[in-house]
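For clarity, every value in this text was computed on a predicted model and none was experimentally measured. Note: hydrogens, waters and symmetry copies are ignored here, and every other heavy atom, side chains too, is used.
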Protein chains: 2
Amino acid sequence: MHQQGALAGIEVAASRTRPNMSKIASALGVSSATVSNALSGKGRVSAELVEKIRKKADELGYVPSSAGRALRTGRSNVLGLVLPDISNPLFPQIAQAMEAAASNAGYGILIADSRGDVTTQTQAISRLIERGVDGLVVIPRRGTRIGDIGCPVAMVDTPSTPGNTVSADHWEGGAKVARHLVDLGHKNFLLVGYDPASNVQNDRIGGMKSAFDRGIKYDTIWLETLLRERGEQTSLGLIDRVRDGVTAISAVSDLHALRVLTELQTAGIKVPQQVSVTGFDDLIFSPVVTPSLTTVHMDMARIAELAIAALVREIEHSKSEPNANTSQKQNGKAAKQTVTAEPSKVSMELMVRASSGPIILPDTPILNGKTL
Amino acid sequence: MHQQGALAGIEVAASRTRPNMSKIASALGVSSATVSNALSGKGRVSAELVEKIRKKADELGYVPSSAGRALRTGRSNVLGLVLPDISNPLFPQIAQAMEAAASNAGYGILIADSRGDVTTQTQAISRLIERGVDGLVVIPRRGTRIGDIGCPVAMVDTPSTPGNTVSADHWEGGAKVARHLVDLGHKNFLLVGYDPASNVQNDRIGGMKSAFDRGIKYDTIWLETLLRERGEQTSLGLIDRVRDGVTAISAVSDLHALRVLTELQTAGIKVPQQVSVTGFDDLIFSPVVTPSLTTVHMDMARIAELAIAALVREIEHSKSEPNANTSQKQNGKAAKQTVTAEPSKVSMELMVRASSGPIILPDTPILNGKTL
DNA sequence: AGCGTATGGTTAATCGATTAACCAGATAAT
DNA sequence: ATTATCTGGTTAATCGATTAACCATACGCT
């Protein structure tokens, strides 16, 4: 049934070349302008004629030519998505959310990978521009400032980054996990970051620290530095930390939390009985590992919606006043390059799972080995 | 320096509307046809004039209009990538490889998420077609057959799927891990799949079984069924399996291997001393968990290259003979819809890491609890 | 001198959709 | 009765790049 339909469609489409507006027009003895008006609903066409045109259109299997439309209107209805490093495990969520939001707004998403490199990022952006995208969503690498391009840009990083359009409130997220652990009675923390130059990670860690009162001890390690010095596969030396009294380890990503978790488990340290572990981002594996990871979830769908909406608003807006910016007078702001959204930050949600729990006092017997 | 250049470019671009070929042409007193010929290197233009035109072009910050070109040539230089479920953790690798391969071939990648649903997949495909893509790369959902569309399609699934263009040799991969474990002395296996309807997973498991001689016991469980019956967070009951003699657990994905690994570790079962665990796909976390996961890696870059190359070949080819297919005589094959590549399967690489090891005989004392 | 043939360009049509400007006929308003 | 307005369309220009067809001019060769 379904396949039948698809095949029938092709039958017609392949019969010669794909039909255009004038083909519909001549088939009905009207002008192509009328067809355009009828299908777009813009001009004045009688209701009955509209109906006839619609019918003929999908009888012929008409598909509007995006090239023709783009050429005429100057807009391609495609947005570019620039990612710092596609291999980022968070990327699927981002891409999915952006694609859905864009699709709802009638736009397509062209992707570009900047491979974490700043110059590659520049190249990626110009490739997208050449392809005629109407706007860009950029997840910037570290503190990269986006140069002046010829189209609106939405930046998704973190609220503390200047020029940020919209993002999760990473600071608040950090505060939430930290407070959760403090409430459980933890007083000695190890905070685990990866890249000390990352705005997002600094915000997350900053948020965590903000939740610590006097009387709480903590230390921070940055994995990138550590791993560069000691090699990728090195142990993080967590056992010593635990022996020295750490009871809670909070990482800036589930990826690192997982590393921590498995290292502890291999050493026979019980999570969460002896040590609580938390991550960030609610990556795909987080709910299904044992113990499931307590983490902080970001509402990527909402962030994407806000970013895309801001972008689309600016794009449609620039239609009305095409040349508001002269090169002579750059009135302070760089010609509305990076768009703004309201709200510009989206709350993060704490997901309490099994890897965090109340502190178990030293006199409580700790089981070794089998739990069953 | 770099930023200077970018800004200077904008300065000009923003000065009014972006320049086109005729602007360059009139600035130099030549015809726009000559400019086109000069920049494309196709027609006959004197070397010096070519040089002058080139210079003027990037002096004015000329960027060719992809819409104009697409309209005229009938080709957009954009390919669509249809993914079964973007949230698939393997997706970053796929997208990155495809983007790189396409970019090298001068194409852009437009993404579409089919959210695992078959009807959504159909919609996603038509959205891409409407956007004017020249071809499609489809990572199909389960055994989906791709209906007849108006453009060439490369299917990346598994060699046993009819119509498959190119993919990893999942069967061989399965055989490789299994043989590895057999060589280590394992004789009692638990094979862990997720979706019993997945061609890829069936091939992987089929490959594993093919490596088992007589005298090897194995059982297979499918998580989707299990989890649907008992709930997402359920224990997989691995402890019982181990008690019953299983010494090696092989999953069809690192995601499931990780689930297995952490469940075992939590129960105090040592990996790999008591049980070996292996996965598939070499996901981002696999090398950094403890113990690092033995897995099977696929050369996604090569697969992407082959798929894109096959697609591009067909696209360029159809340029020369535009209407080889009449709707009347469909000569057996469905008008070269899904393209073919040579080779059509790419070898998988076994990554031996720390989660697999030689069997430790029952008389060897097994440590409980702390290893240090 | 006369013919063929490179060389280096130009002219003009074309791809498909959109839209400003215009127009005929009917109806309403003064 | 005459002008204004509304309805339902049509005409033709336009977006920007490409390319087939054409046209000078110069050069080589007999």
Considering every strand and a 4.0 Å limit on heavy-atom distances, what is the contact class for [X]: base, sugar-phosphate, or nothing?
{"X": "Ser36(A)", "answer": "base"}
{"X": "Ser46(A)", "answer": "sugar-phosphate"}
{"X": "Val35(B)", "answer": "nothing"}

Minimum-distance nucleotide (side-chain atoms of [X] versus [options]):
{"X": "Ser31(B)", "options": "dA17(D), dG9(C), dT10(C)", "answer": "dT10(C)"}
{"X": "Ala33(A)", "options": "dT10(C), dT11(D), dT18(D)", "answer": "dT11(D)"}
{"X": "Leu71(A)", "options": "dA17(D), dC15(D), dA12(D)", "answer": "dC15(D)"}
{"X": "Arg44(A)", "options": "dG8(D), dT10(C), dA17(D)", "answer": "dG8(D)"}

Between Gly29(B) and Gly68(B), name the one whose nearest nucleotide on DNA chain C is closer to the 5' end.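 Looking at the nearest nucleotide for each, Gly29(B) comes out on the 5' side.
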Closest-nucleotide ordering on DNA chain C, the 5'-leading residue of Thr73(B) and Thr34(B):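 Closer to the 5' end of DNA chain C: Thr34(B).
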Salt bridge (charged side-chain N to carboxylate O under 4.0 Å, His left out) partners of Arg131(B), counting only residues at least two apart: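 So Arg131(B) forms no salt bridge (charged side-chain N to carboxylate O under 4.0 Å, His left out) with any residue.
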Measure from [atom1] on [X] to [atom2] on [N] and round the result to the nearest Å.
{"X": "Asn77(B)", "N": "dT18(D)", "atom1": "CG", "atom2": "P", "result": "10 Å"}
{"X": "Asn37(B)", "N": "dG8(C)", "atom1": "CG", "atom2": "P", "result": "13 Å"}
{"X": "Leu39(A)", "N": "dG16(C)", "atom1": "CG", "atom2": "P", "result": "16 Å"}
{"X": "Arg75(B)", "N": "dG16(C)", "atom1": "CZ", "atom2": "C1'", "result": "16 Å"}
{"X": "Leu49(B)", "N": "dT7(C)", "atom1": "CG", "atom2": "P", "result": "16 Å"}

Between the base of dT14(D) and the side chain of Arg72(A), is there a donor and acceptor pair under 3.5 angstrom?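 Flag set: donor-acceptor pair detected.
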Identify the two heavy atoms, one from Ser76(A) and one from Ala70(A), that lie closest to each other, and give their separation to 0.1 Å.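 Where Ser76(A) meets Ala70(A) most closely, the heavy atoms are CA-CB, 4.1 Å.
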Could you tell me whether Lys56(B) and Glu59(B) have a side-chain N and a carboxylate O separated by less than 4.0 Å?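 Salt bridge flag = yes for Glu59(B) with Lys56(B).
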In this structure, which one of Ile149(A), Leu81(A), Leu79(A), Val78(A) forms a side chain to side chain contact (heavy atoms under 4.5 Å, CB included) with Val133(A)?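 Testing each of Ile149(A), Leu81(A), Leu79(A), Val78(A) against Val133(A), the sole residue satisfying side chain to side chain contact (heavy atoms under 4.5 Å, CB included) is Val78(A).
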May I ask you to verify if any side-chain N or O of Ser65(B) is less than 4.0 angstrom from the OP1 or OP2 atom of dG16(D)?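 Indeed not, no polar side-chain atom of Ser65(B) lies that close.
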Measuring to OP1 and OP2 of dT18(D), would you say a side-chain N or O of Lys42(B) lies under 4.0 angstrom away?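 No, Lys42(B) has no side-chain N/O under 4.0 Å of OP1/OP2 on dT18(D).
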Roughly how far apart are Ser36(B) OG and Ile53(B) CD1, rounded to 0.5 Å?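 Atom-to-atom, Ser36(B):OG and Ile53(B):CD1 are 9.5 Å apart.
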Would you give the length of the straight line joining atom OG1 of Thr165(A) to atom CD of Glu342(A), rounded to the nearest 0.5 angstrom?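 One gets 12.0 Å once the value is rounded to the nearest 0.5 Å.
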Among residues 123-136 of chain A, which contact DNA chain D at a heavy-atom distance under 4.0 Å?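 The answer is none.
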Can you sort out the partners of Ser26(B) under side-chain contact (heavy atoms from CB on, under 4.5 Å), two or more places apart, ordered by chain and number?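 Ser26(B): no side-chain contact (heavy atoms from CB on, under 4.5 Å) contacts found.
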